[in-house]
Amino acid sequence: MNPAGIVDAHHHLWDPARRRYPWMRRPGLEPLHRPFGPADLVREAAAAGVSATVLVQTVAETAETREFLTAAAGSAGLIAAVVGWVDLSGAAVADDLAALRAGPGGHLLRGVRHQVEDEPDPDWLRRADVRRGAAAVADAGLVHDLLVRPDQLPAATALARELPGAVLVLDHAAKPPLDPDGLAVWRERVTDLARCGGVFCKVSGLFTLLPPGGEDELLEPVVRNLLEVFGPRRMVFGTDWPVSTLAGGYGDVVRRTVALLADLSGGERDAVLAGTARSVYGLAPAGARATGYPEVDG
């Protein structure tokens, strides 16, 4: 059965012919070196039954954020929010945010993200200038998406404790390693972060963590632990499209995620797949309540 009202709270758009994406230089990402635009998103989302999305930054440029806001404003409501970028270490974060909000589509700016995982320093989020920037994001009433490595989770936890009024969303569950030792350390650190009440977690970007030939069952301990420490009403679904195309099609990611949530009640699945994202990112209510989800094998 087709889903209705699912929110994809984490996806991207890009065009390597127009902009450089330094992270795309990593080996194995060659299939991503092509444009993925709004028309592609409309087609994929419609086929998967996704009714609203959150478009997330990909480079450290406010120019991209302005383009994303314009694209969102012209998407007939499909792109319902944008998580953009400002320089969190800069001295004018509040002014930068105000300028973005004053521009075309600025009312759709709902969050900010910096690609902290690309910062060599595991304590980058502890820097005084970054903490001031994060406080300005919270004061502006915006969500702060956290893209961090597992070794950066303690710094993320320290930030969450310092800013108890902030709304923080952990992207891709901090990309947990799937080996037993690494997973144990990740579990301890993500549990500490989850004890901070204003933190949410995205069920996104997980399938690309699987080793070649790895089955989705390898992700079950990860999702089970996230459900235990965050609870389904503090978890948010995202496809991480088009990065996710390295592991499967857009609709496949939706179907496979639903399978990983099979043990939840209907209301809990509604929260993960739509309700929490609508609340956290301030999205408009769905036109119709979800009545079902894709059928999954097993």
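Residue numbers count from 1 along this sequence.
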Do [X] and [Y] make a side-chain contact, defined as non-hydrogen atoms from C-beta onward lying under 4.5 Å apart?
| X | Y | value |
| --- | --- | --- |
| L170 | F200 | no |
| V93 | L97 | yes |
| E228 | R187 | no |
| L147 | V116 | no |
| W241 | E44 | yes |
| V143 | V83 | no |
| V223 | E220 | no |
| V199 | F230 | yes |

Query raised in the report: side chain to side chain contact (heavy atoms under 4.5 Å, CB included) with P27: which residues, sequence neighbours excluded?
Result: none
Nearest atoms (heavy-atom pairs only) where [X] meets [Y]:
| X | Y | answer |
| --- | --- | --- |
| P176 | L206 | CD-CD2, 4.3 Å |
| A274 | G5 | CB-O, 3.2 Å |
| G197 | R234 | O-NE, 3.9 Å |
| L226 | C201 | CD2-SG, 3.8 Å |
| A72 | V82 | CB-CG2, 3.8 Å |
| V236 | A277 | CG1-CB, 3.7 Å |

Look up atom [atom1] in [X] and atom [atom2] in [Y], then write down how far apart they are to the nearest 0.5 Å.
| X | Y | atom1 | atom2 | value |
| --- | --- | --- | --- | --- |
| N225 | W186 | CG | CH2 | 4.5 Å |
| E117 | H172 | CD | NE2 | 7.0 Å |
| I6 | T53 | CD1 | OG1 | 13.0 Å |
| R161 | L159 | CZ | CG | 11.5 Å |
| L108 | L100 | CG | CG | 12.5 Å |
| L125 | L146 | CG | CG | 6.5 Å |

Any side-chain donor-acceptor pair under 3.5 Å between [X] and [Y]?
| X | Y | answer |
| --- | --- | --- |
| E119 | H114 | yes |
| T239 | H11 | no |
| D145 | Y281 | yes |

Keeping [X] on the side-chain end and [Y] on the backbone end, is there a donor-acceptor pair under 3.5 Å?
| X | Y | result |
| --- | --- | --- |
| T62 | V86 | no |
| T70 | R66 | yes |
| K202 | A9 | yes |
| R110 | G282 | yes |
| R127 | S89 | no |
| D40 | G37 | yes |
| H144 | G111 | no |
| D270 | G267 | no |
| S279 | G275 | no |
| S75 | I79 | yes |

Can you tell me if [atom1] on [X] sees more than 12 non-hydrogen neighbours from other groups inside 6.0 Å?
| X | atom1 | result |
| --- | --- | --- |
| R18 | CZ | no |
| D263 | CG | no |
| E188 | CD | no |

Taking a hydrophobic cluster as the set of Ile, Leu, Val, Met, Phe, Trp and Tyr residues connected by side-chain heavy atoms closer than 4.5 Å, whether directly or through intermediates, do [X] and [Y] fall within one such cluster?
| X | Y | result |
| --- | --- | --- |
| V272 | L260 | yes |
| F207 | V203 | yes |
| V148 | V130 | yes |
| F237 | V56 | no |
| V167 | V54 | yes |

**Report entry** Residue among H12, E64, Q115 satisfying side-chain hydrogen bond (donor to acceptor under 3.5 Å, both in side chains) with T58
**Finding:**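 With T58 as partner, side-chain hydrogen bond (donor to acceptor under 3.5 Å, both in side chains) holds for just one option, E64.
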Report task. Verify ring pair (Phe, Tyr, Trp, His ring centres under 6.0 Å) between W14 and W23, making sure each step is shown before the conclusion. Result -> CA-CA 12 Å; W14 61 63; W23 57 270; 5.3 Å; yes
Should [X] and [Y] count as an ion pair when the cut-off is N to O under 4.0 Å?
| X | Y | value |
| --- | --- | --- |
| R131 | E162 | yes |
| R126 | D123 | yes |
| R189 | D192 | no |

Query - side chain to side chain contact (heavy atoms under 4.5 Å, CB included) assessment of V280 paired with V169 - result: CA-CA 9 Å; V280 168; V169 179; 3.9 Å; yes
**Report entry** Stepwise side chain to side chain contact (heavy atoms under 4.5 Å, CB included) test for L178 and L219
**Finding:** CA-CA 8 Å; L178 300 182; L219 298 173; 4.1 Å; yes
Query raised in the report: How far apart are the C-alpha atoms of R149 and D118, what are their side-chain angles, what is the distance that settles it, and do they pass the salt bridge (charged side-chain N to carboxylate O under 4.0 Å, His left out) test?
Result: CA-CA 9 Å; R149 306 184 304 264; D118 292 333; over 6 Å; no
Report task. Could you go through the side chain to side chain contact (heavy atoms under 4.5 Å, CB included) check for Y250 and V50 one step at a time? Result -> CA-CA 10 Å; Y250 189 104; V50 168; 3.8 Å; yes
